[in-house]
2 protein chains.
Amino acid sequence: MSGEERRRARKAATGGRPTHGPITLEDVAREAGVSRTSASRVMLGQGKVTDETRRKVWAAAERLGYVTNVIARELASGGSSTVGLLLRDAANPAYGLLFTRLQKAAHEADLTLVTLTVSDDDRGRKQVSSLHRLMGMRVAGLVVATGGVTSEQLEPFRRRIPIIRSGRPETTAAIHAVSYDEEDAARRLATHVASHGHRDVAVLVTAEPVSYPEYVRGATMAAVLAEHGVRVRPVEVSGPLDGVEQVISWAARGEITAIMCPTDTRQLHVLRAAAAAGLDVPGDVSVSGCDGVLPGADLLGLTTYRIPVEEVAQRTIRNIIRLVGDSPPDGVLQERVPGTLVPGRTVGPPPRR
Amino acid sequence: MSGEERRRARKAATGGRPTHGPITLEDVAREAGVSRTSASRVMLGQGKVTDETRRKVWAAAERLGYVTNVIARELASGGSSTVGLLLRDAANPAYGLLFTRLQKAAHEADLTLVTLTVSDDDRGRKQVSSLHRLMGMRVAGLVVATGGVTSEQLEPFRRRIPIIRSGRPETTAAIHAVSYDEEDAARRLATHVASHGHRDVAVLVTAEPVSYPEYVRGATMAAVLAEHGVRVRPVEVSGPLDGVEQVISWAARGEITAIMCPTDTRQLHVLRAAAAAGLDVPGDVSVSGCDGVLPGADLLGLTTYRIPVEEVAQRTIRNIIRLVGDSPPDGVLQERVPGTLVPGRTVGPPPRR
DNA sequence: ATGAAAGCGCTAACAC
DNA sequence: GTGTTAGCGCTTTCAT
């Protein structure tokens with residue numbers, strides 16, 4: 001049975017109008033008494049059409065509740081205008097905010113973002129399957145906001161469509177990236193703590209494979225502290241509560257006077273543990289974090305560094321638009337945006353002995 | 001020029017292998033020395049194929065870096081297996097968390113969620129365009145987690161695909177919904193405040209069109225307080241800072257002894273203003289909020305109500321899967337999940353005069 | 001087990 | 001301006 005025959009059958013079976021199955025452009029065209037092409041032109045809003053035709057088609061579409069089949073449209077026209085967004089688990093407030101801002105920026109630029117998320121639990125397989133799915137959707141470009149996808153995994157697609165990494169530095173120099181200036185963050189925070197006179201500081205350093213940005217923060221903090229002549233006690237951590245007990249016990253014994261965390265979330269854990277141990281902050285021990293996106297951070301008096309989420313989001317969108325556009329830039333874009341130090345009540349001078 | 005001819009031309013021009021344009025199944029089939037059909041069967045992992053054929057096809061696909069064109073696949077097979085998610089601006093921590101949990105639950109159920117977000121700024125038009133886009137993608141089902149799309153706008157699609165609203169109550173009884181039990185939240189919080197002996201309480205009530213759930217919370221709080229014989233001062237608010245100044249000045253003059261907010265975000269604003277006005281919480285005035293999803297809420301001692309985000313997310317996914325499945329439930333699912341009261345340090349007895 | 005042929009719903013040249 | 005025709009890349013009967 002040919003398509004035409006089937007359509008006729010459907011029509012016949014329901015007394016003059018197809019009911020089941022989605023309404024197609026063909027249905028609209030017939031209802032309006034014009035050809036598919038004309039109907040298509042009207043829906044596309046391009047090409048030459050009489051006002052009369054336009055009106056009839058719109059009316060028919062409205063009457064039938066027609067919705068353009070994006071799938072077919074994109075297949076026929078060869079390629080979508082939407083950009084894919086590969087996102088990390090948005091439970092992390094920093095990623096959640098980045099997600100929001102990316103959407104906002106895209107929206108303002110009249111760009112549609114299709115988001116696929118990948119959980120952390122399956123590093124590798126699933127992440128790649130999401131990547132493949134997005135590629136299979138033939139998106140015009142790709143924004144990658146997760147560390148779960150490595151540069152190598154992106155490599156095969158790099159020359160098919162523009163890819164830009166957002167919110168975290170790219171380790172290879174071949175892929176476009178807009179990221180936070182983690183080193184500036186670490187440097188400013190470390191200098192801030194050192195300038196209060198602390199000489200013995202514990203630093204939570206996230207294991208590199210767990211989170212590269214966090215690793216950079218921790219490692220840089222330790223290095224900068226050392227530059228300032230501070231004795232550093234690094235603690236490698238993976239899980240969210242790792243190392244907390246350790247640094248608190250050091251603080252309780254007076255072996256350190258400050259604790260630096262790579263994220264505010266970890267800072268919160270440390271503050272909780274400090275309170276539980278009867279330690280006053282910053283009377284007995286100073287604490288710092290990083291990210292600065294938590295609502296209420298000011299009320300808690302958190303000492304942190306506000307990452308420039310909005311700026312990174314805007315630049316990401318601006319760049320991906322240029323990249324998918326007709327006059328893409330030459331080299332590889334590697335932008336690094338600094339944020340601002342947020343001094344809080346959690347850092348003070350070390351206790352006198 | 002026919003498709004075959006074009007392909008040949010492309011091939012010829014590059015010395016035996018097409019370079020530009022995505023690799024198609026046809027390319028893989030040719031490389032493997034089998035028919036498109038066989039290659040398709042292998043990629044689909046269904047139907048009868050020799051191990052030998054399977055091996056050859058996989059090898060060819062790998063070699064060429066083939067990625068299935070989801071667009072074409074879905075067009076040909078008529079329908080995707082993915083579910084669309086229409087999301088509200090995730091800047092709101094409660095929505096951000098819901099988003100995460102929905103993704104997590106979907107992921108665990110091996111369901112792919114395609115997310116489109118809509119900003120608040122354009123109520124109506126854009127929201128609907130996102131809805132249409134998702135419908136145009138011919139998703140198998142739809143999860144709506146934004147109030148920006150009304151029931152009327154969903155109506156035309158209701159019988160085309162299963163639609164379920166998540167995280168907020170549905171106003172009409174025709175659409176499936178899984179939501180927080182806002183009334184339970186308001187009732188428990190109001191009772192909690194009243195039980196501390198407050199007799200004059202200000203309640204921030206969000207305007208209904210701004211946020212229906214917030215409106216229900218506020219209105220119910222006021223009603224329950226009144227049941228307890230409390231004198232209520234309702235303040236209608238829209239923007240995030242609305243009413244804050246007002247209630248603080250009442251508190252400063254001792255006209256009220258407690259302030260109830262419909263969200264924790266508003267609670268934070270009130271706490272800030274109280275601090276700025278030199279008011280002690282809860283010494284001079286008690287404050288409560290709602291949502292309980294803020295990291296660090298415990299450290300701030302926020303009095304709030306934890307909405308059951310995880311539970312709602314899981315139920316949403318479970319239900320949408322049943323609905324798109326072959327044995328969908330009969331009636332309209334309307335589930336309402338209660339959370340838990342979180343007593344904090346921000347609510348105490350009223351000051352003595 | 002494998003292949004040939006007929007579309008899925010739409011767009012895009014190319015006539016009329 | 002409008003219609004006709006030929007596909008987009010894939011799945012899917014239906015033969016073989």
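Residue numbering restarts at 1 for every chain, and letters A, B, ... go by the order of the sequence lines. Hydrogens, waters and symmetry mates are skipped; everything else that's a heavy atom, side chains included, is used.
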Separation of [X] atom [atom1] from [N] atom [atom2], in whole Å?
| X | N | atom1 | atom2 | answer |
| --- | --- | --- | --- | --- |
| B/D27 | D/dC8 | CG | P | 12 Å |
| A/M137 | D/dC8 | CE | P | 22 Å |
| A/R41 | D/dT2 | CZ | P | 8 Å |
| B/D51 | C/dT2 | CG | C1' | 15 Å |
| B/L44 | C/dA1 | CG | P | 17 Å |
| B/E26 | C/dG3 | CD | P | 13 Å |
| B/R30 | D/dG9 | CZ | P | 12 Å |
| B/M135 | C/dG9 | CE | C1' | 15 Å |

For residues B/T115 and A/T115, is any side-chain donor paired with an opposing acceptor at under 3.5 Å?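 Distance-only check fails for B/T115 and A/T115.
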Quick one: is [N] close enough that its OP1 or OP2 comes under 4.0 Å of any side-chain N or O from [X]?
| X | N | value |
| --- | --- | --- |
| A/T50 | D/dT2 | yes |
| A/S35 | D/dG3 | yes |
| B/Y66 | D/dG9 | no |
| B/S38 | C/dT2 | no |
| A/S40 | C/dT11 | yes |

Describe the nucleic acid contact of B/T37 in one word from base, sugar-phosphate, nothing, applying a heavy-atom distance below 4.0 Å.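 B/T37: base contact, heavy atoms under 4.0 Å.
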Please work out if B/Q46 contacts a base, only the sugar-phosphate, or nothing of the nucleic acid, heavy-atom cut-off 4.0 Å.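 Sugar-phosphate, no base atom in range.
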State plainly whether the residues B/R133 and A/E74 are in salt-bridge range, i.e. N to O under 4.0 Å.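 Here B/R133 pairs with A/E74 in a salt bridge, since their nearest N and O are under 4.0 Å apart.
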Can you check whether B/T172 reaches B/E155 side chain to side chain, under 4.5 Å on heavy atoms?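 With C-beta onward as the side chain, the pair stays apart.
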Where the side chain of [X] meets the backbone of [Y], is there a donor-acceptor pair that is under 3.5 Å apart?
| X | Y | answer |
| --- | --- | --- |
| B/T50 | B/T53 | no |
| B/S40 | B/R36 | no |
| A/H176 | A/V332 | no |

Counting only distance, no hydrogens or angles, is the base of C/dG9 paired donor-acceptor with the side chain of B/R138 under 3.5 Å?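 When only heavy-atom distances are counted, B/R138 does not reach the base of C/dG9 through any donor-acceptor pair under 3.5 Å.
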Is the count of non-hydrogen atoms from other residues, nucleotides or ligands lying under 6.0 Å from A/E62 atom CD greater than 12?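 No, the 6.0 Å shell around CD holds no more than 12 heavy atoms from other groups.
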If you take any heavy atom closer than 4.0 Å to DNA chain C, which residues from residues 155-162 of chain A end up in contact?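 Heavy-atom contacts with DNA chain C come from no residue of residues 155-162 of chain A; none.
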Minimum-distance nucleotide (side-chain atoms of B/R36 versus C/dG3, D/dC10, D/dT5):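 Between C/dG3, D/dC10, D/dT5, the one nearest the side chain of B/R36 would be D/dC10.
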Where the side chain of A/T24 is concerned, which of C/dC10, D/dG9, D/dT13 is the nearest nucleotide?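 When the side chain of A/T24 is considered, C/dC10 is the closest of C/dC10, D/dG9, D/dT13.
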Mind running a 4.0 Å heavy-atom check of residues 67-80 of chain A against DNA chain D and sending the residues that fall below it, in number order?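 Per residue number, the list reads A/L75, A/A76.
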Is the A/F99 ring parallel, tilted or perpendicular to the B/F99 ring (thresholds 30°, 60°)?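 A/F99 and B/F99: parallel rings.
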Full working for side-chain hydrogen bond (donor to acceptor under 3.5 Å, both in side chains) between A/T82 and A/T112: CA-CA 5 Å; A/T82 69; A/T112 302; over 6 Å; no
Quick one: are the ring centres of B/Y66 and A/H132 less than 6.0 Å apart?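 No, too far apart.
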